[in-house]
Amino acid sequence: MNFLTSLADRDRVFDFLVPVDSPVDVRHGPILYLEDVTVSFDGFRAIDRLNLTIDDGELRCIIGPNGAGKTTMMDIITGKTRPDTGRVWFGSRHDLLTMNEPQIASLGIGRKFQKPTTFEALSVFENLELAMAADKRILPTLTARTSGEIRERIEEVLTTIGLVELRHRPAGILSHGQKQWLEIGMLLMQRPRLLLVDEPVAGMTEQEMERTAELLTGLAGKQSVVVVEHDMGFVRSIARTVTVLHQGSVLAEGSMNQVSMDPRVVEVYLGAEADEEVA
Amino acid sequence: MLASRSWLSRPLHERSTRLFLGVLLASLAVVTLLNLALPAGHTLHVSTYTVTLLGKYLCYALLAVAVDLVWGYLGILSLGHGAFFALGGYAMGMYLMRQIGDRGVYGHPVLPDFMVFLDWQSLPWYWHGFDMAWFAFLMVLLAPGLLALVFGFLAFRSRVTGVYLSIITQALTFALMLAFFRNEMGFGGNNGLTDFKELLGVDLTDDATRLGLFLATGVALALGYLLCRAIVASKLGRVCVATRDAEARTRFLGYRVERFQLFVFVVSAMLAGVAGALYVPQVGIINPGEFSPIFSIEIVLWVALGGRGTLYGAVIGALLVNYAKTVFTGVMPDAWLFALGGLFVLVTVLLPRGIAGLLAYRRPRRAAPDPSTTPREASA
């Protein structure tokens with residue numbers, strides 16, 4: 001009977017009637033919702049009953065020791081790995097577990113890998129141009145013109161990532177940090193709703209880290225950003241909310257101060273560093 | 001800045017393209033003038049023999065441009081472009097054979113001499129239509145284009161690239177050479193197609209025809225260069241360079257890489273076919289030797305010497321090497337291969353970016369260097 005009344009409910013749109021490419025529904029707040037997700041590799045539980053909610057426009061840092069399941073979690077969100085059980089929703093309309101990688105990418109989930117790969121022989125500007133969401137079949141690409149609108153969009157992203165002056169230089173001459181920013185810029189050209197950023201400051205200098213922190217905090221609000229990072233100083237400088245993963249599930253969640261006070265967190269992760277700071 | 005221009009006319013606004021076209025067209029005019037205006041005994045007179053020789057070099061230059069398009073910009077080292085060149089040449093050769101009519105040695109009204117010699121009674125089906133110029137000229141484009149389409153579709157779909165692709169292209173041209181050597185194929189076997197008389201109704205031995213063919217080749221080179229330039233200067237060209245340097249990343253951005261590779265490969269094969277078609281009436285013969293793997297490798301050497309990924313470098317390389325070849329094989333025939341090998345070693349060691357790299361080095365660097373001048377070696 002309940003089922004029949006639910007069918008008669010006029011406010012509700014049936015899931016199977018909603019086209020896959022319809023816009024993300026974030027009216028209820030969260031843009032990403034993981035519930036009871038479990039993944040095992042050969043009996044080893046990489047993710048164990050993980051629950052995680054990211055709000056629209058939020059900047060979230062995920063920390064945790066090696067093997068805590070950070071990368072596996074990213075793989076699940078982007079469709080690279082399928083969980084054994086659990087639910088993963090993008091907004092309240094899109095069930096990510098029913099989609100493949102390209103579909104998820106076109107929904108607006110962009111992922112930046114650890115190692116930056118830019119097109120070194122092409123200029124910074126051209127790198128961004130290629131990354132832009134556009135008709136990517138052969139003839140439209142051959143006859144494509146760089147219109148004023150496209151130019152403006154590229155300039156906008158160039159300003160965001162701070163590479164305006166280098167726009168006509170080949171990407172090959174950029175420093176490691178600049179390449180990371182260009183990579184983030186290439187993601188931004190696709191206008192993602194959610195950015196997954198894997199270890200953005202690995203191998204960066206102090207100044208580059210500061211600049212990256214500004215960049216990521218500037219993005220939050222317009223996009224939702226999830227950062228996986230090892231560097232505690234960096235996390236402290238950008239995080240509003242921190243999630244600590246341990247053995248595949250959430251150990252603690254809250255502000256950096258709350259989290260670093262938590263005795264369990266100190267024990268499994270911050271211990272070493274806390275000792276260092278005391279010393 | 002580029003917004004108001006169509007992709008095809010875009011290269012006409014580039015300084016380097018204008019310079020290239022200017023030099024090419026001026027050279028054509030000078031050679032024509034020296035050939036026509038000066039008496040045969042004059043020191044500056046360019047003989048018709050030399051004009052035809054230059055025409056042959058220009059065919060090679062167009063072929064080199066076609067190879068540079070796929071190698072320099074797409075990172076696909078084709079060691080079988082001689083096959084497309086030869087197919088275009090055979091299409092033209094078949095037309096020229098049909099033009100002979102009953103003036104052959106055996107005087108048969110339809111069958112070419114070699115078929116009469118083999119005691120064939122009728123024309124094989126694939127020789128029909130080649131008495132019509134439009135059909136033959138269409139085949140000059142379609143025969144190499146279709147081969148490239150099928151070959152490229154299979155290769156790129158299976159993501160065969162790098163050394164493996166190079167080896168398969170060698171096998172392709174070698175297999176075709178063996179096939180065309182057989183008399184049963186109906187392409188004249190070992191001797192190929194020769195003894196041509198007329199092209200479009202004009203006598204091939206005529207001085208005016210020879211000059212006309214030379215000029216036609218020059219114009220074809222100019223147009224082919226413009227087409228390639230238009231492709232590499234478009235967004236598609238940048239996708240090609242992106243594919244060359246980081247194929248997986250390009251795919252990740254949403255480009256169907258294998259389709260882009262196939263498109264450019266087919267365009268390049270067709271250009272090679274045109275070069276072959278212009279080559280045949282000028283040298284007067286086409287035989288399976290053009291399919292030989294060595295020839296295809298030699299083309300790549302021209303491009304490497306001239307400078308890969310610049311297009312004009314390919315032209316310079318083809319002209320210089322073939323001129324050197326003419327001189328050397330005249331003076332010391334046995335030393336030519338050693339000279340070619342030595343030249344290649346020298347250029348690789350001293351000028352890794354070829355002669356074009358030397359030119360680019362001497363020129364003051366612009367604010368936005370041409371991305372194509374720094375091809376990565378990894379994909380070779």
Chemist: Side chain to side chain contact (heavy atoms under 4.5 Å, CB included) with Phe119(A): which of Thr250(B), Val239(B), Val241(B)?
Modeler: Thr250(B)

Chemist: Which one, Arg167(A), Glu183(A), Gln190(A), Arg137(A), leads in non-hydrogen pairs under 4.5 Å with chain B?
Modeler: Glu183(A)

Chemist: Do you know which two heavy atoms are closest between Ala121(A) and Arg244(B), and how far apart they sit?
Modeler: CB-NH2, 3.6 Å

Chemist: Drop me the distance from Thr143(A)'s OG1 to Trp7(B)'s CH2, to the nearest 0.5 angstrom.
Modeler: 8.5 Å

Chemist: Is Glu129(A) salt-bridged to Lys235(B), cutoff N-O under 4.0 Å?
Modeler: no

Chemist: If I take atom CZ from residue Phe260(B) and atom OG1 from residue Thr141(A), how far apart are they, to the nearest 0.5 angstrom?
Modeler: 3.5 Å

Chemist: Pick whichever of Asn127(A), Thr118(A), Leu142(A), Ile150(A) has the most heavy-atom pairs under 4.5 Å with chain B.
Modeler: Leu142(A)

Chemist: Could you look at Met186(A) and say if it's the side chain, the backbone, both or neither that has a heavy atom under 4.5 Å from chain B?
Modeler: side chain

Chemist: To the closest 0.5 Å, what do you measure between OH (Tyr255(B)) and CD1 (Ile138(A))?
Modeler: 12.5 Å

Chemist: With a 6.0 Å cut-off (strictly less than), is the heavy-atom count around CZ of Arg256(B), excluding the residue itself, greater than 12?
Modeler: no

Chemist: To the nearest 0.5 Å, what is the distance between CG (Asp245(B)) and OG1 (Thr117(A))?
Modeler: 11.5 Å

Chemist: Give a yes or no on whether Arg259(B) atom CZ has more than 12 heavy-atom contacts from other residues, nucleotides or ligands under 6.0 Å away.
Modeler: no

Chemist: Mind listing the closest non-hydrogen atom pair of Leu122(A) and Ala242(B) along with its distance?
Modeler: CD1-CB, 4.2 Å

